[in-house]
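Atoms within a ligand are numbered from 1 in the order they appear, just like the ligands themselves.
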Amino acid sequence: MKRSRRSKPFARLEWQGRRRPEHTPVTLELDTETYPQDAHHTTEFTGQLLTGDNLGVMTALLSEWEGKIDLIYLDPPFLTGKAYSARIGRGEDSRRPSEWRTVASYQDTWRDGAEYLDMLYPRLEIMHRLLSPSGTIYLHLDWHASAYARVLMDEIFGPARLLNEIVWVYHGPSPIRRAFKRKHDTILVYAKSKNYTFNADAVRVAYDPSTVKTFSSSPKAGFGKVPDLERGKVPEDWWYFPVVARLHKERTGYPTQKPEALMERIILASSNPGEIVADFFCGSGTTAIVAARLGRDWIACDSSPLAIHTTYRRLLLENLEAPFKIWRSEGGPTGGALKPQISVSQSGSQVHIDLKDIPSEEPPTVAFPQNLNFWEVDWDFDGNVFRSRSQAVRLWRDDEINLRMGHTYPHPGNHTLAVRVFDNRGITGITTQQITLPG
Ligand SMILES: C[S@@+](CC[C@H](N)C(=O)[O-])C[C@H]1O[C@@H](n2cnc3c(N)ncnc32)[C@H](O)[C@@H]1O
């Protein structure tokens, strides 16, 4: 049978309570401008990190970004019925679960599949609108919901726009005894139009040694095509990448974190440097990190504060040269329960801050500095947008974090400095202090 190129789907998914999706935008408020490593930045913002439910957030983005995003990757909840926790602190290195410290991160629990589809469908529709005419979307799911999502994607994008059904295979332990171990995810790839970006040369891989051997001895073998052994091949639609395991250097502790190598292949294949890559279920921020590393602009969103903090910490550890912005949804949390205690010392135009403790207004207060993940300073806080100019970040699974930061003010006079801290439960807090510099 010839592969169908029909643009109309031959089936439509019905579920209990299916209705026309309604979209209400949230108001996005600029929360933070972050200048990593202060001195090296350009003034061009290349990234946006958005906090809040992505339905309202994406609806709000339509006015500026409709038809402009070149690549969307989404790794939404999979309909697993589980509530996920993040592992925090050094205990996560232990083999004994009793030594793990955990904190709630996100829920993948639904009344039924219909409620799940009510969540997914309107979001896929908006993503279709946000994609540029040459844009591509990668929808990452597994056996729980992939079949249903395929029918929805055919409806929204058209069956002819399906580029690939990628199978990501991996291995690892499994409790399953009466069936084969479920060790693959499915990534549905759709293009917005026929003229989509696909950079085959950017993702070529070496041929299998057995292929190299065969063609080295007889270049004519195999369907009349001679492989270019030096250039390598475009990968098949099944990919093996190891999962991010417990002691993996990429590991953040955030659950269901995806490997950077997987994102790298997707971003290289389906976007170009300077284009915009978005992930509206960003979790620990893998897409944003890899996009930034590959010179793409990025947009990342998550409704979980812990996800946003993890992504932020990862971005800071990347030593990016360009600044980025953090937005909050109106009505979302603005401050935090932590009340950083600082001591400020001045010597002429030089100011130093020592971070002394991070007590919490809401118990429990956690041990300091073990539970401090990172902190940052705005040396001239305007009382509204936090302009992060200096940051101290703990490396993953590291005991060290710098507790002193300094700054030389170019101008005398009155200044308000602000210090913001983030602990490993995803809780934050801010303190401000007035200083006067002699003329
Ligand atoms: C499977 S995880 C993403 C993991 C990510 N790919 C990574 O590498 O870390 C799904 C994420 O979607 C977020 N999420 C779920 N529903 C959301 C919603 N309505 N709006 C924004 N984020 C949502 C969760 O908080 C969670 O962090």
### Query
In ligand 1, which numbered atoms sit nearer than 4.0 Å to a non-hydrogen atom of K258?
6 (N), 7 (C), 8 (O)
### Query
So is P255 in contact with ligand 1, going by heavy-atom distances below 4.0 Å?
no
### Task
Decide whether an N or O pair under 3.5 Å exists between Q257 and ligand 1.
no
### F374/Y312 aromatic ring centres below 6.0 Å
yes
### Query
Given that the side chain starts at C-beta and the backbone is N, CA, C, O, which of these parts of F281 lies under 4.0 Å from ligand 1, counting heavy atoms, or is it both or neither?
both
### Query
What residues form a side-chain contact (heavy atoms from CB on, under 4.5 Å) with A104, not counting sequence neighbours?
none
#### Entry: Set of side-chain hydrogen bond (donor to acceptor under 3.5 Å, both in side chains) partners for E236, sequence neighbours left out
K233
### Task
Enumerate the atoms of ligand 1 whose separation from the nearest heavy atom of T286 is less than 4.0 angstrom.
7 (C), 8 (O), 9 (O)
### Query
If you count the atoms of ligand 1 from 1 in the order shown, which ones are under 4.0 Å from a heavy atom of G52?
20 (N), 21 (C)
### Numbering as shown, the atoms of ligand 1 that approach D53 to under 4.0 Å (heavy-atom distance)
19 (N), 20 (N)
### Message
Any atom of ligand 1 sitting under 4.0 Å from a heavy atom of F78?
### Response
no
### Sub-4.0 Å heavy-atom contact, R123 with ligand 1
yes
